[in-house]
2 protein chains.
Amino acid sequence: MSTNLSTMPDFIYDNRLYYNPMEFALHFIGGTWKMPILWRLNKKMMRYSELKKTLPHITHKMLSSQLRELEGYGLIERKAYPVVPPKVEYTITDKGRDVIPVIETISQYGYTIMKEKGISIEGHKAEKVQVNKNN
Amino acid sequence: MSTNLSTMPDFIYDNRLYYNPMEFALHFIGGTWKMPILWRLNKKMMRYSELKKTLPHITHKMLSSQLRELEGYGLIERKAYPVVPPKVEYTITDKGRDVIPVIETISQYGYTIMKEKGISIEGHKAEKVQVNKNN
DNA sequence: CTGAATCCTTCACGATACTG
DNA sequence: CAGTATCGTGAAGGATTCAG
């Protein structure tokens, strides 16, 4: 990449000022929930309730709003079946798949510093691990 | 990596609950300023005022507090010279260099979606570019 | 030149209740 | 089952002032 971040001009998109591409990227995929959602949809199409189940801590409101935003950005697709009770399926799009490398890189770094700080995730037993700060 | 994000247990570090490695990583390098600062210090050691100059929009308070946090995480080092007026130099550490791949990946994705949305950065002339939403 | 402290605004996110 | 609306809270970040 030849563009130099140090001399990067600001730019305005949709009435909001950005200082650099990183900030711009994180506007679309940042926050607590967007990447975890994309990660799951990258594995398979999922229904609303299914997503809710695999994101134990997300609230109803957040899941709903985050899905709506991701759909607006063209990162996921929503297919609603006109049945009762309602059935809605979410899938990742090609544009959505572009963020998978970002997720993988950040996750990997996350694992790195977790190891540094002595946080271990033993297999898949979903225990809550308590770790103290000292590093 | 064999660990499955879908079944990842929560963990607590320094009295704060995290749901996954991504969230953990972004606790240390997230926010508006930490990655831009690390990116600059990766190129060369810089003084406080120098950093301030190349980060046109950061406020005095933010630069100060972000430097202190990064130092606390061991991502940068602070060398103060007992002269008057004060002279302080900041350098990136080996731990700090670990986040460079993250910065590069996110930046690259940022450039990708900027292009998608028709935002062009022509060379290094620091003009403010105005772009409307329609994509 | 470098840095700390105070006050204030904005916004992400959670809790809860209501709907077809 | 899927979704919206309202209200409240905390944290991030900006403006400003004081200081060695």
Side-chain angles (χ1 to χ4, degrees), chain A residues 10 14-20 22-23 26-37 40-41 45-73 76-91, chain B residues 10 13-20 22-24 26-37 40-41 45-73 76-91:
Chain A
D10 315 331
D14 195 19
N15 259 347
R16 201 184 173 295
L17 175 65
Y18 299 92
Y19 302 146
N20 54 58
M22 252 178 307
E23 199 189 353
L26 288 178
H27 173 75
F28 293 97
I29 61 171
T32 310
W33 300 113
K34 293 204 180 69
M35 287 193 274
I37 291 172
R40 279 158 183 76
L41 292 183
M45 151 187 299
M46 290 178 97
R47 296 185 58 171
Y48 181 92
S49 49
E50 227 176 328
L51 270 170
K52 185 90 174 59
K53 230 179 302 174
T54 64
L55 292 164
H57 298 284
I58 198 169
T59 63
H60 193 29
K61 172 198 166 182
M62 286 314 293
L63 179 52
S64 193
S65 67
Q66 300 304 293
L67 286 172
R68 212 111 352 282
E69 281 185 50
L70 290 171
E71 189 194 359
Y73 300 151
I76 66 172
E77 244 177 28
R78 178 180 186 275
K79 237 175 295 182
Y81 297 87
V83 298
V84 38
K87 175 178 170 182
V88 181
E89 285 177 343
Y90 291 93
T91 50
Chain B
D10 314 330
Y13 179 78
D14 195 19
N15 259 347
R16 200 186 173 297
L17 175 65
Y18 298 91
Y19 302 146
N20 54 58
M22 253 179 306
E23 201 190 352
F24 190 60
L26 288 178
H27 173 74
F28 294 96
I29 61 171
T32 309
W33 301 112
K34 292 205 180 69
M35 288 192 274
I37 291 172
R40 278 158 182 76
L41 292 182
M45 149 188 300
M46 290 177 97
R47 297 185 55 174
Y48 180 91
S49 49
E50 227 176 327
L51 270 169
K52 184 88 175 60
K53 229 179 304 173
T54 64
L55 293 163
H57 298 284
I58 198 169
T59 64
H60 191 29
K61 171 198 167 182
M62 286 316 291
L63 179 53
S64 192
S65 67
Q66 300 304 292
L67 287 171
R68 215 117 341 291
E69 282 184 49
L70 289 171
E71 189 194 359
Y73 301 151
I76 66 173
E77 243 176 29
R78 178 181 186 275
K79 237 174 294 182
Y81 297 87
V83 297
V84 39
K87 175 179 169 182
V88 181
E89 286 176 343
Y90 292 93
T91 50

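Residue numbering restarts at 1 for every chain, and letters A, B, ... go by the order of the sequence lines. All of these numbers come straight from a predicted model, not from anything done at the bench. The figures here come from the full heavy-atom set of this structure, side chains too, leaving out hydrogens, waters and symmetry mates.
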Could you check if a side-chain atom of Leu51(A) sits within less than 4.5 angstrom of a side-chain atom of Ile58(A), using non-hydrogen atoms only?
no
Beyond-backbone contact of His27(B) with Tyr13(B), side-chain heavy atoms, under 4.5 angstrom
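The answer is no; the side chains never approach within 4.5 Å.
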Indicate the atoms forming the closest heavy-atom contact of Pro86(B) with Arg47(B), along with that distance.
O-NH2, 3.5 Å
Closest non-hydrogen contact found for Thr32(A) with Glu23(B) is CG2-OE2, 4.0 Å
On the nucleotide [N], are OP1 or OP2 found under 4.0 Å from the side-chain N or O atoms that [X] carries?
| X | N | value |
| --- | --- | --- |
| Thr32(A) | dA12(C) | no |
| Arg47(A) | dC1(D) | no |
| Arg78(A) | dA2(D) | no |
| Tyr90(B) | dG3(C) | yes |

[options]: which one has an atom nearest the side-chain heavy atoms of [X]?
| X | options | answer |
| --- | --- | --- |
| Arg68(B) | dG3(C), dG14(D), dG3(D) | dG3(C) |
| Thr59(B) | dG14(C), dA15(D), dT2(C) | dA15(D) |
| Ser64(B) | dC1(C), dC1(D), dA4(C) | dA4(C) |
| Pro86(B) | dG3(C), dG14(C), dC1(C) | dC1(C) |

Could you tell me how far apart [X] ([atom1]) and [N] ([atom2]) are, to the nearest whole angstrom?
| X | N | atom1 | atom2 | value |
| --- | --- | --- | --- | --- |
| Lys79(B) | dG3(C) | NZ | C1' | 20 Å |
| Leu26(A) | dA12(D) | CG | P | 16 Å |
| Tyr19(A) | dG14(D) | OH | C1' | 10 Å |
| Lys52(B) | dG14(D) | NZ | C1' | 12 Å |
| Glu23(B) | dA12(C) | CD | P | 16 Å |
| His60(A) | dC13(C) | NE2 | P | 17 Å |
| Ile58(B) | dT16(D) | CD1 | C1' | 17 Å |
| Leu17(A) | dT10(C) | CG | P | 16 Å |

Ring centers of Tyr48(B), His60(B) separated by less than 6.0 Å:
yes
Here's a test of your reading of the structure: between Glu89(A) and Lys61(A), which maps to the more 5' nucleotide of DNA chain D?
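On the 5' side of the pair lies Glu89(A).
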Sorted by position of nearest nucleotide on DNA chain C, 5' first, the leading residue of Pro85(A) and Gln66(A) is Gln66(A)
